[in-house]
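What follows is a short report on a single structure.
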Amino acid sequence: MSDGDPVWLRAEPSRARRRRPLTREHIVDAAVTLLDEHGADGLTMRRLAERLDVTATALYWHVRTKDDVLDLAVDRIFGDVAVPEPSDDWAADVRLLARGWRVTMLDHPWAPGLVGRPMLGPNVLARTEFLQAALVRGGYRGRRLAVVTRLLANVVVGSSLTEATWRRASDPEARTAARAHVASHPDAYPTLVASGHLDDTRWNDDLLFEEGLTAVLGAAPP
């Protein structure tokens with residue numbers, strides 16, 4: 001395989017070649033901690049090596065690039081998303097998985113912006129398998145299955161990204177100020193004012209998320 005192959009398609013080097021007692025697992029543990037502290041832009045191979053008390057060269061026995069680390073870190077946190085026991089209610093199963101996925105994304109606010117990279121890790125694939133198996137039980141097949149899978153992912157990732165962005169805002173009143181800006185221009189934005197755009201006193205993020213799932217799952221399969 002070429003150097004450009006995703007990390008998931010490359011074998012980890014044999015232990016005989018390691019200069020330090022270092023594993024991918026140790027690297028990913030430290031990477032997730034750094035990502036939680038500093039975000040994706042704040043993660044560097046040098047900072048990661050310092051956290052592990054190794055040289056940067058030692059990291060390259062296990063991962064070739066920062067992208068490798070990000071791929072591994074995303075899959076690691078997906079392991080926190082509980083996979084429900086399949087039930088007779090396929091839609092309820094989908095909702096349970098989606099809710100857990102959203103919670104995990106919000107616990108690790110750097111993650112939503114990285115979803116969309118090659119998602120070949122075992123934790124991601126196991127949860128995608130559960131999602132599609134539930135949808136198949138609901139009657140989805142072929143292209144419709146692919147469309148609804150993507151729509152559900154977009155609901156989870158999109159809502160998580162928006163919520164995480166607001167939460168990271170340096171000004172805790174930023175959302176209130178944004179809402180006030182829209183409301184103060186009713187002539188320019190009459191529909192937004194009437195619909196309560198950005199007004200979380202009318203409907204909060206949890207409600208909008210649940211309604212988003214309902215909108216996707218309410219579309220009848222062919």
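Each residue takes its place number in the sequence, starting with 1.
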Using 0.5 Å steps for rounding, measure from the [atom1] atom of [X] to the [atom2] atom of [Y].
X: L131; Y: W101; atom1: CG; atom2: CH2; value: 7.0 Å
X: T149; Y: R144; atom1: OG1; atom2: CZ; value: 10.5 Å
X: L145; Y: L135; atom1: CG; atom2: CG; value: 6.0 Å
X: D67; Y: L72; atom1: CG; atom2: CG; value: 11.0 Å
X: M45; Y: T57; atom1: CE; atom2: OG1; value: 10.0 Å
X: R47; Y: L43; atom1: CZ; atom2: CG; value: 8.0 Å

For this session: Could you tell me whether a side-chain N or O of R127 sits under 3.5 Å from a main-chain N or O of F78, the two making a donor and an acceptor?
Result: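 Checked: pair present.
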
Exercise. Counting only N and O atoms by type, is there a donor-acceptor contact under 3.5 Å from the side chain of R51 to the main-chain atoms of A30?
Worked result: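 Not a single qualifying donor-acceptor pair exists.
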
Linking I/L/V/M/F/W/Y whenever any side-chain heavy atoms sit under 4.5 Å apart, do [X] and [Y] land together?
X: L96; Y: L217; answer: no
X: L106; Y: V32; answer: no
X: L125; Y: V94; answer: no

Exercise. Do other residues, nucleotides or ligands put more than 12 heavy atoms under 6.0 Å from N204 CG?
Worked result: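 Yes, because the 6.0 Å sphere around CG of N204 holds more than 12 heavy atoms from other groups.
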
Any side-chain heavy atom of [X] within less than 4.5 Å of one from [Y]?
X: V81; Y: N123; result: no
X: D75; Y: P122; result: yes
X: L120; Y: V124; result: no

Over all heavy atoms of both residues, which pair between [X] and [Y] is shortest? Give the atoms and the distance, please.
X: V182; Y: V193; value: O-CG2, 3.4 Å
X: A58; Y: L22; value: O-CD2, 4.0 Å
X: P84; Y: A82; value: CD-O, 3.4 Å
X: D93; Y: E85; value: OD1-O, 4.1 Å
X: A31; Y: L48; value: N-CD1, 3.6 Å
X: D107; Y: D36; value: O-OD1, 4.3 Å

Exercise. W110 vs H108 aromatic rings, parallel, tilted or perpendicular, using cut-offs 30° and 60°?
Worked result: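 W110 vs H108 ring planes: perpendicular.
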
Exercise. In terms of ring plane angle, is the pair Y189 and H181 parallel, tilted or perpendicular, where the classes change at 30° and 60°?
Worked result: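 Tilted.
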
Exercise. Is the closest basic N to carboxylate O distance between R102 and E210 below 4.0 Å?
Worked result: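 No.
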
For this session: State whether R76 and D29 are salt-bridged, where the test is any N-O pair (Lys NZ or Arg NE/NH1/NH2 against Asp/Glu carboxylate O) under 4.0 Å.
Result: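 Between D29 and R76 there is a salt bridge, with a charged N closer than 4.0 Å to a carboxylate O.
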
For this session: State whether a side-chain donor-acceptor pair under 3.5 Å links D80 with T104.
Result: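 Note: D80 and T104 side chains miss the donor-acceptor criterion.
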
